[in-house]
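A short write-up of the structure that comes next.
Throughout, residue positions are numbered sequentially from 1 according to the sequence presented. Computed from heavy atoms alone, side chains included, the values below leave out hydrogens, waters and symmetry copies.
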Amino acid sequence: MELMTRTCNFERMNVERLFARVFVVAGGLLWAVMLFASETAAKYTNFTYTFDEVVTAMGSALLPLAATVLVFVIGLFYEKLTALILVLGAAGVVVWGVIAGWTAPLWVVMGIALIGPMLLAALLFLLASRMQMICTLESHPGS
């Protein structure tokens with residue numbers, strides 16, 4: 001598959017957009033659930049929560065959920081801005097990890113579960129944006 005071709009390919013553009021959005025939504029849901037579970041007494045072993053635990057944990061779970069919704073909505077209209085936000089977010093995670101002094105296993109987990117998907121989604125948004133520009137320059141109807 002030629003990633004850098006300069007011919008309009010609507011199918012590839014739509015697939016790039018779809019997978020970029022899937023990465024954003026899946027990652028946001030994953031981190032919302034993980035933060036919710038980490039704030040409860042049961043942690044990840046038992047799914048019985050009291051009402052007070054749910055209310056307390058919901059506060060921390062809403063933050064990544066709100067960020068996910070915001071990035072998703074921005075990504076619907078401004079793909080380059082979304083890519084920039086995702087790259088800056090990944091860089092922020094790296095800086096946070098350096099400041100917090102993460103151990104090597106935690107770097108691997110965060111790289112696989114957070115930093116990598118954010119950078120991959122950013123790349124897909126950029127590729128879709130590039131293809132949109134190519135289709136627009138070729139004056140294809142519907143672009």
query = With a 4.5 Å limit on heavy-atom distance, are the side chains of Leu65 and Leu35 in contact?
reply = no

remark   = CD1 (Ile85) and CG (Leu88) are apart, to the nearest 0.5 Å, by 8.0 Å

ask   = Below 4.5 Å, heavy atoms only, C-beta onward: do Lys80 and Leu84 meet side chain to side chain?
value = no

query = If you look at every heavy atom in Ala32 and Ala61, which pair is closest and at what distance?
reply = O-CB, 3.4 Å

key: Gap separating the OG1 atom of Thr56 from the CZ atom of Phe36, nearest 0.5 angstrom   = 9.5 Å

query = Is atom CH2 of Trp96 surrounded by more than 12 heavy atoms (other residues, nucleotides or ligands) closer than 6.0 Å?
reply = no

ask   = Tell me, do Arg21 and Phe125 make a side-chain contact under 4.5 Å, heavy atoms counted?
value = yes

query = With the 4.5 Å side-chain cut-off for hydrophobic clustering, are Ile115 and Val98 part of the same group?
reply = yes

note = side chain to side chain contact (heavy atoms under 4.5 Å, CB included) with Val71: of Thr82, Leu81, Val25, only one passes, and it is Thr82

message = Would a single hydrophobic cluster contain both Leu76 and Val22, if residues Ile, Leu, Val, Met, Phe, Trp and Tyr are joined by side-chain heavy-atom contacts under 4.5 Å?
response = no

query = Any side-chain heavy atom of Arg130 within less than 4.5 Å of one from Glu16?
reply = no

query = Roughly how far, to the nearest 0.5 Å, is the CZ atom of Arg17 from the OG atom of Ser129?
reply = 8.0 Å

message = Is there a path of hydrophobic side-chain contacts, each under 4.5 Å between heavy atoms, that joins Ile99 and Met110?
response = no

request  = Answer with yes or no whether the hydrophobic clustering places Ile112 together with Leu106; edges join I, L, V, M, F, W, Y residues whose side-chain heavy atoms lie under 4.5 Å apart.
outcome  = no

ask   = Of all heavy-atom pairs between Leu119 and Ala90, which one has the smallest distance, and what is that distance?
value = CD2-CB, 3.8 Å

task = Could you tell me the separation between the CD atom of Glu79 and the CD atom of Gln132, rounded to the nearest 0.5 Å?
result = 7.0 Å

request  = Measure the CE-CD distance between Met131 and Glu11 for me, rounded to the nearest 0.5 Å.
outcome  = 10.0 Å

task = Over all heavy atoms of both residues, which pair between Ala121 and Leu86 is shortest? Give the atoms and the distance, please.
result = CB-CD1, 3.8 Å

inquiry  = What's the separation between atom OG1 in Thr68 and atom CG in Leu63, rounded to the nearest 0.5 Å?
reply    = 9.5 Å

query = Who else is in Val15's hydrophobic cluster (ILVMFWY, side-chain heavy atoms under 4.5 Å, direct or via others)?
reply = Phe19, Phe23, Leu120, Leu124

ask   = Do Leu18 and Leu126 share a hydrophobic cluster, counting only Ile, Leu, Val, Met, Phe, Trp and Tyr and linking them when any side-chain heavy atoms are less than 4.5 Å apart?
value = no

query = Are side-chain heavy atoms of Trp107 and Val94 found at a separation under 4.5 Å?
reply = yes

key: Heavy-atom closest pair, residues Cys8 and Ile134   = N-CG2, 3.8 Å

